[in-house]
Trainee: 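One structure, as structure tokens, below. Some questions next.
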Protein chains: 2
Amino acid sequence: MTDRARRIPEATVARLPVYLRSLAELHDDKIATVSSERLAEMAGVNAAKVRKDLSYLGSYGTRGVGYDVEYLSFQMSRELGLTHDWPVVIVGAGNLGQALANYGGFRQRGFPVAALVDASREKVGGYIHGVPVHHMDDLPELAADLGIAIGIIATPASAAQEVADALAAAGIRSILNFAPTVIAVPEGTSLRKVDLALELQVLSFYQEHRDTEGV
Amino acid sequence: MTDRARRIPEATVARLPVYLRSLAELHDDKIATVSSERLAEMAGVNAAKVRKDLSYLGSYGTRGVGYDVEYLSFQMSRELGLTHDWPVVIVGAGNLGQALANYGGFRQRGFPVAALVDASREKVGGYIHGVPVHHMDDLPELAADLGIAIGIIATPASAAQEVADALAAAGIRSILNFAPTVIAVPEGTSLRKVDLALELQVLSFYQEHRDTEGV
DNA sequence: CGGGCTTTGTGATCTTGTGCACGAGGGCGG
DNA sequence: CCGCCCTCGTGCACAAGATCACAAAGCCCG
Ligand SMILES: NC(=O)c1ccc[n+]([C@@H]2O[C@H](COP(=O)([O-])OP(=O)(O)OC[C@H]3O[C@@H](n4cnc5c(N)ncnc54)[C@H](O)[C@@H]3O)[C@@H](O)[C@H]2O)c1
Ligand SMILES: NC(=O)c1ccc[n+]([C@@H]2O[C@H](COP(=O)([O-])OP(=O)(O)OC[C@H]3O[C@@H](n4cnc5c(N)ncnc54)[C@H](O)[C@@H]3O)[C@@H](O)[C@H]2O)c1
């Protein structure tokens with residue numbers, strides 16, 4: 001119902017968290033104001049891009065001065081939906097799922113791990129780093145009761161699509177997939193993926209080409 | 001010294017591993033030939049894009065028939081530099097570093113973890129999942145002796161830049177960064193990053209906007 | 001052996017993203 | 001209070017990427 005019809009480009013959305021992190025750093029250093037130039041350097045991009053990106057949020061800078069660190073942080077957090085917590089469920093209590101549950105960084109950044117879920121009865125029942133492990137069957141109820149908005153897939157690739165379907169059925173519309181496979185999600189569901197093997201293979205490509213084609 | 005001056009676009013490079021995985025699946029299913037249409041479906045992209053991507057590798061399809069699964073796999077592996085192993089060093093033997101070392105998927109895909117490295121004397125000396133833990137100081141020697149080409153940064157963000165510098169100094173020109181911070185690397189070094197907090201914040205953005213703006 | 005069918009390979013076009021350059025606007029010193 | 005200087009905000013041109021559409025090419029069947 002906001003009057004501004006500004007749709008933020010995808011590429012910009014992916015950079016906002018980087019700017020936000022830079023702003024947090026500046027805030028810790030008690031720096032009140034920052035120029036696009038400085039912010040660009042911290043975020044590893046160019047200054048014009050910073051200004052264009054920030055302009056999508058509104059006109060929050062002061063010409064001749066720069067951006068107020070605290071105010072911009074607030075506006076950015078609001079835009080990113082970080083003014084409240086987003087409880088997360090991790091599906092797959094294996095090697096990776098447990099490591100993620102053990103990691104404190106999520107809660108700290110507003111993404112508390114509310115539950116772990118697994119298909120194996122052996123894994124169900126205990127706690128990992130204070131997070132209860134439930135059975136897959138309880139997912140819909142858990143999602144509703146705990147207000148879970150985001151699901152993380154940490155199962156073998158063979159189970160990933162099935163898990164994605166279960167998450168969707170439980171009303172979860174944001175999915176982060178760690179399994180090295182392509183999965184389909186319903187229209188209106190966001191999907192992001194983390195694919196280590198892919199990253200290494202991309203590095204391999206450039207390494208190989210450096211080695212082969214000189215330099 | 002190859003006559004074809006075809007530079008493969010970055011976006012294409014990042015999709016090749018996905019195609020390769022699809023081809024491996026087809027091979028396991030004893031399917032000898034695949035159309036761009038089918039491959040596109042498996043990789044979650046559109047068929048024209050598949051054809052254009054593959055055309056950068058060469059003209060390996062047969063009109064009216066499709067692509068030979070095995071032959072295309074080979075050509076793609078060759079292009080990606082996957083015909084031989086790339087030993088990897090993980091810097092930071094903490095929660096994440098250990099989890100990665102424990103993961104068998106790397107070795108299996110041609111990226112054996114040759115060593116773990118840490119700055120803390122307490123962590124140095126033992127083995128994790130059969131991988132020896134060395135001190136940071138030994139990095140240059142290790143890199144040379146073990147032929148390490150890829151470094152993975154799994155330290156706190158505050159140490160990431162310093163570690164990147166050390167990797168560069170040790171002659172490692174491919175870096176995968178897990179620390180949630182922007183790092184600079186020398187010209188001629190490839191850098192990829194995995195940033196979980198960023199992924200979650202991007203999901204948060206779209207979730208928030210779905211919630212706020214209807215649908 | 002020729003015609004039809006299928007699927008590739010690629011020019012053309014549209015969309016998205018990047019970077020430059022500069023006018024607009026605001027603070028500040030004199 | 002005026003004018004200068006600094007930095008934002010943005011129009012524009014360019015580059016990269018996605019998609020479309022179709023001719024070229026090879027297989028297969030009759
Ligand atoms: N461990 C790593 O460091 C790492 C790194 C990169 C990628 N990955 C990927 O992450 C995924 C998980 O890896 P992992 O090492 O934790 O594997 P894992 O085998 O240790 O754990 C998988 C867990 O998923 C559970 N599971 C299996 N099928 C399920 C289903 N249908 N529904 C719910 N739970 C199910 C299993 O019971 C098990 O607990 C894999 O796809 C792997 O390729 C892992
Ligand atoms: N654990 C996770 O699931 C997870 C998830 C997302 C991101 N991360 C990121 O990965 C990084 C590592 O996380 P973690 O949980 O393993 O942290 P950790 O504290 O468990 O481990 C960090 C390790 O790095 C070592 N180290 C510190 N400074 C070093 C230096 N200068 N040189 C070499 N080694 C050094 C420490 O001795 C320690 O062993 C962090 O940046 C974290 O934000 C972790």
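Basis for what follows: all heavy atoms, side chains included, without hydrogens, waters or symmetry-related copies. So that the names make sense, note that chain A is the first sequence line, chain B the second, and so on, each numbered from 1.
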Trainee: Rounded to whole angstrom units, what separation is found between the CG atom of A/Asn46 and the P atom of D/dA15?
Mentor: 16 Å

Trainee: Just do the salt bridge (Lys or Arg N to Asp or Glu O under 4.0 Å) check on A/Arg109 and A/Asp85 with the steps written out, would you?
Mentor: CA-CA 8 Å; A/Arg109 287 162 195 277; A/Asp85 279 5; over 6 Å; no

Trainee: Closer than 3.5 angstrom, by distance alone: can the side chain of A/Thr62 be matched with the main-chain N or O of A/Val65 as a donor-acceptor pair?
Mentor: no

Trainee: Examine A/Tyr71 together with A/Tyr60 and report whether their ring centres are nearer than 6.0 Å.
Mentor: yes

Trainee: Mind listing the residues from residues 66-73 of chain A sitting with a heavy atom below 4.0 Å of DNA chain D? Number order is fine.
Mentor: A/Gly66, A/Tyr67

Trainee: Using whole Å, report how far CD1 of B/Ile8 lies from C1' of D/dA16.
Mentor: 16 Å

Trainee: From CG of B/Leu54 over to P of C/dG9, roughly how many Å is that when rounded to an integer?
Mentor: 8 Å

Trainee: Looking only at the side chain of A/Lys49 (C-beta and beyond, no hydrogens), which of the listed nucleotides C/dT18, C/dT10, D/dC8 gets closest?
Mentor: C/dT18

Trainee: Kindly assign one of parallel, tilted or perpendicular to the pair A/Tyr103 and A/Phe106, based on the angle between their ring planes and the thresholds 30° and 60°.
Mentor: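 Answer is perpendicular, since the angle exceeds 60°.
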
Trainee: Reading DNA chain C from 5' onward, which residue's closest nucleotide shows up sooner: A/Arg63 or A/Glu10?
Mentor: A/Glu10

Trainee: Could you tell me how far apart A/Glu37 (CD) and C/dC20 (P) are, to the nearest whole angstrom?
Mentor: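 Result: 11 Å.
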
Trainee: Looking only at the side chain of B/Thr62 (C-beta and beyond, no hydrogens), which of the listed nucleotides C/dC20, D/dC8, D/dC27 gets closest?
Mentor: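 The closest nucleotide is D/dC27.
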
Trainee: Mapping A/Ser59 and B/Asp53 to their closest nucleotides on DNA chain D, which lands nearer the 5' end?
Mentor: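 It is A/Ser59 whose nearest nucleotide is closer to the 5' end.
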
Trainee: With no hydrogens and no angle check, do the side chains of A/Gln98 and A/Asn102 hold a donor and an acceptor under 3.5 Å apart?
Mentor: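 Result is no, nothing qualifies.
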
Trainee: Would you kindly check whether a donor in the side chain of B/Lys52 faces an acceptor in the base of C/dG11, or vice versa, at under 3.5 angstrom?
Mentor: yes

Trainee: Could you tell me whether a side-chain N or O of A/Arg210 sits under 3.5 Å from a main-chain N or O of B/Arg173, the two making a donor and an acceptor?
Mentor: yes

Trainee: Return no unless some side-chain N or O of A/Ser36 is found under 4.0 Å from OP1 or OP2 of D/dT7.
Mentor: no

Trainee: Where the side chain of B/Arg15 is defined as all heavy atoms beyond and including C-beta, which of D/dA18, C/dG17, C/dT8 is the nearest nucleotide?
Mentor: D/dA18

Trainee: For the pair made of CZ in B/Arg51 and C1' in C/dT7, what is the distance, rounded to whole Å?
Mentor: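 Those two atoms, CZ and C1', are 7 Å apart.
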
Trainee: Starting at atom CG of B/Leu39, determine the distance to atom P of C/dT6, rounded to an integer number of angstrom.
Mentor: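 For the pair B/Leu39 CG and C/dT6 P, the rounded distance is 20 Å.
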
Trainee: Under 4.0 angstrom, heavy atoms only, what part of the nucleic acid is A/Ala11 near: base, sugar-phosphate, or nothing?
Mentor: sugar-phosphate

Trainee: May I have the distance from A/Tyr56 (atom OH) to C/dT18 (atom C1'), rounded to whole angstrom?
Mentor: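 So the OH-C1' distance, A/Tyr56 to C/dT18, works out to 10 Å.
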
Trainee: Taking atom types as modelled and ignoring hydrogens, do the side chains of A/Thr33 and A/Asp68 form a donor-acceptor contact shorter than 3.5 angstrom?
Mentor: no

